[in-house]
Amino acid sequence: MNLTEKIFNAGIVGCGGAGFPTHVKYNAKVEHFIINAAECEPLLRTDRYIMRNYAREIITACEKACEHLGAKDCTIALKSAYREEIAALEVAILGLGSKVRLHTMDSFYPAGDEQVIVHEVTGRVVPAAGIPLDVGCVVSNVATMLAIYDAVNDKPFTHKFLTMTGEVGEPVVLHVPLGTSFLDCLSTAGGANIDDYFVICGGPMMGKPLTKAEAAKAVVTKTTSGFILLPNGSRLPSLHQTPIQHTINRAKSACIQCTYCTQLCPRHMLGHPIEPHKLMRKVACGSIEEAAETPEAINALLCCECGVCELFACPMQLQPRKVNSLIKKELAKKGIRYPKSNQEYTPDQNREYRKIPSKRAANRAGAGAYYDYTIKNCKEFTPATVEIPVRQHIGVPAEAVVGAGDSVKCGQLIAACPEGKMGANIHSSVDGTVKSVGDVIIIETK
């Protein structure tokens with residue numbers, strides 16, 4: 001059984017957030033294999049914990065993946081401020097006699113953006129609407145490498161490392177079964193310090209916003225990197241709760257066309273023809289639907305929705321990202337996609353001077369109070385019940401292969417990727433009894 005087969009059987013998807021099935025990504029031959037260890041989002045500490053404590057496993061997996069991909073080099077890209085993590089990786093590289101090398105970067109956001117990290121490591125620019133494979137690269141998250149190490153040893157993807165931080169009793173890294181509820185995670189982190197809170201699933205810049213009621217129904221999936229509790233009324237909750245029409249009205253009345261959103265856009269800095277200020281101008285002169293009819297609208301499809309424009313760049317605190325997102329939805333309704341080409345792109349000459357310090361990004365997002373902390377320990381627990389979604393990835397949902405009343409073991413296949421389709425297998429994350437099967441498979445633990 002080759003590596004992609006082991007990865008497919010284990011149900012591994014990218015742990016960086018997108019959830020792309022890893023066995024599909026690794027069906028390639030490349031020049032450069034890059035491991036994203038930058039932990040792009042401010043406040044998250046998951047990947048740093050993994051590097052400090054599982055360095056040998058990570059390097060072992062990197063070697064196997066690099067060999068499988070036929071890559072001439074394997075690079076772990078991380079921030080130079082990660083001194084303990086660098087030391088742990090260097091010890092593992094030396095001990096294993098590995099050819100893996102480390103590439104250190106400044107602490108800027110979004111250092112972990114897939115296209116940014118490719119340029120930082122190789123000097124190449126992924127074409128607009130392209131993927132790293134277009135320039136001979138494959139990029140994987142460091143947590144994905146740990147899952148691959150397990151897969152090589154016939155251990156399926158059943159548990160997830162994640163950060164619990166913000167207004168919690170004890171900021172902590174957790175290692176929990178997939179399907180664990182947010183409320184169980186919160187309880188293990190010492191509970192909430194405040195009653196009226198808002199939750200970001202993921203990081204403050206790109207994470208999914210959840211009201212307190214929505215968070216109470218949330219569970220840990222293969223792509224969950226963390227939960228951040230913030231006071232309701234602080235900047236991030238206020239931005240996420242702004243009505244769409246109010247966002248559009250503010251764009252019409254307050255955009256001063258300063259172009260800062262474009263000047264600081266990470267994809268624009270790589271040479272891509274995305275210019276958020278022009279899209280804001282179009283919306284100011286009409287509606288979202290009218291803006292989507294203009295020639296410039298198609299460039300909205302190049303937006304990676306990193307949040308730099310609205311959380312850092314705009315002096316009027318407007319929301320170019322949300323406007324881009326609305327235009328993208330209009331284009332999607334019409335089936336319009338950005339045309340790929342063989343054009344070469346040249347980064348802006350000022351790019352090095354427009355990188356945004358991670359701490360300043362957190363401060364502008366209103367989450368700076370939770371930036372400076374260190375997590376050394378990890379807590380593990382098994383909840384009484386897990387609720388495991390059959391879709392935790394890009395592609396089609398997995399199809400249940402168990403029924404209510406069945407006894408299952410941790411690591412047992414409970415939902416399979418349909419043959420010939422893009423998706424991922426799902427395994428039980430606990431020993432227990434299946435209570436119900438649907439879009440979510442509910443298991444009570446023994």
Side-chain angles (χ1 to χ4, degrees), residues 2-7 10 12-17 20 22-23 25-40 44-108 110-124 126 131-133 135-155 157 161 225:
N2 65 26
L3 185 64
T4 53
E5 291 171 331
K6 282 183 174 287
I7 289 171
I12 298 174
V13 303
C15 294
F20 192 83
T22 304
H23 71 278
K25 179 183 283 191
Y26 282 21
N27 186 25
K29 294 297 180 183
V30 298
E31 293 179 67
H32 303 279
F33 179 46
I34 302 170
I35 294 83
N36 179 357
E39 195 138 45
C40 185
L44 298 184
R45 298 293 183 268
T46 311
D47 290 352
R48 294 180 66 173
Y49 177 85
I50 291 172
M51 284 186 281
R52 288 197 304 271
N53 293 279
Y54 296 93
R56 194 175 183 89
E57 291 86 342
I58 291 167
I59 299 302
T60 301
C62 288
E63 288 281 359
K64 291 186 179 298
C66 187
E67 180 182 359
H68 173 80
L69 292 164
K72 68 179 183 182
D73 62 62
C74 179
T75 306
I76 298 177
L78 72 171
K79 296 173 183 175
S80 57
Y82 296 174
R83 294 181 180 86
E84 289 184 48
E85 293 76 13
I86 290 170
L89 291 169
E90 286 178 339
V91 168
I93 290 169
L94 183 62
L96 292 167
S98 173
K99 68 177 182 180
V100 175
R101 71 181 185 92
L102 304 184
H103 177 90
T104 57
M105 303 179 289
D106 293 333
S107 293
F108 69 93
D113 174 82
E114 194 170 61
Q115 298 193 12
V116 169
I117 213 165
V118 165
H119 180 66
E120 290 288 322
V121 172
T122 70
R124 301 177 182 182
V126 176
I131 58 175
L133 192 59
V135 290
C137 302
V138 160
V139 181
S140 278
N141 178 266
V142 68
T144 307
M145 302 315 298
L146 183 57
I148 290 174
Y149 176 85
D150 287 339
V152 169
N153 292 284
D154 300 317
K155 181 180 177 182
F157 192 172
F161 287 96
S225 55

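This one's a predicted model, so the numbers in the text were calculated from it and none came from an experiment.
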By side chain to side chain contact (heavy atoms under 4.5 Å, CB included) - contacts of Lys25 (at least two apart)
Phe20, Glu114, Val138, Ser140
Please find the pair of heavy atoms, one from [X] and one from [Y], that lie closest to each other, and give the distance.
X      : Y      : result
Leu146 : Glu57  : CD1-CB, 3.9 Å
Cys74  : Cys66  : CB-SG, 3.7 Å
Met51  : Leu78  : SD-CD1, 4.0 Å
Val126 : Pro132 : CG2-CA, 3.9 Å
Gly136 : Val30  : O-CB, 3.4 Å
Leu133 : Ala28  : CD1-CB, 3.8 Å

State whether the side chain of [X] and the backbone N or O of [Y] hold a donor-acceptor pair below 3.5 Å, judged by distance alone.
X      : Y      : result
Asn153 : Lys155 : no
Asn2   : Thr4   : yes
Thr144 : Cys15  : yes
Thr46  : Ser225 : yes
Glu39  : Arg48  : yes
Tyr82  : Thr104 : no

So how far is it from [X] [atom1] to [Y] [atom2], rounded to the nearest 0.5 Å?
X      : Y      : atom1 : atom2 : value
Gln115 : Glu120 : CD    : CD    : 13.0 Å
Arg124 : His119 : CZ    : NE2   : 12.5 Å
Glu90  : Ile59  : CD    : CD1   : 10.0 Å
Ile117 : His103 : CD1   : NE2   : 8.0 Å

Step through the shown structure and confirm whether more than 12 heavy atoms of other residues, nucleotides or ligands are within 6.0 Å of CD on Glu67.
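No, not enclosed.
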pair [X]-[Y]: side-chain heavy atoms closer than 4.5 Å:
X      : Y      : value
Val139 : Val121 : no
Ile12  : His23  : no
Lys6   : Lys64  : no
Glu63  : Leu96  : no
Ile34  : Thr122 : yes
Val142 : Ile76  : no
Asp150 : Phe157 : no
Met145 : Ile50  : no

Given Val118, which partner from the list Val135, Asn36, Ile131 fulfils the side chain to side chain contact (heavy atoms under 4.5 Å, CB included) test?
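Going through Val135, Asn36, Ile131 one by one, the side chain to side chain contact (heavy atoms under 4.5 Å, CB included) with Val118 is satisfied by Val135 alone.
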Working for side-chain contact (heavy atoms from CB on, under 4.5 Å), residues Ile148 and Leu3:
CA-CA 9 Å; Ile148 290 174; Leu3 185 64; 4.1 Å; yes
Residues two or more places apart in sequence or in another chain: which of them pass side chain to side chain donor-acceptor pair (under 3.5 Å) with Arg45?
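With neighbours one apart ignored, the set is empty.
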With Thr75 via side chain to side chain donor-acceptor pair (under 3.5 Å) - residues at least two apart:
Arg101
Should the ring pair Phe161 and Tyr49 be called parallel, tilted or perpendicular, given that the plane angle runs from 0 to 90° and is split at 30 and 60?
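Tilted.
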Please test Asp47 against Glu85 for side-chain contact (heavy atoms from CB on, under 4.5 Å), starting from the C-alpha separation and ending with a verdict.
CA-CA 9 Å; Asp47 290 352; Glu85 293 76 13; over 6 Å; no
Answer yes or no: is there an ion pair linking Asp73 with Lys99, defined by an N-O contact shorter than 4.0 Å?
no
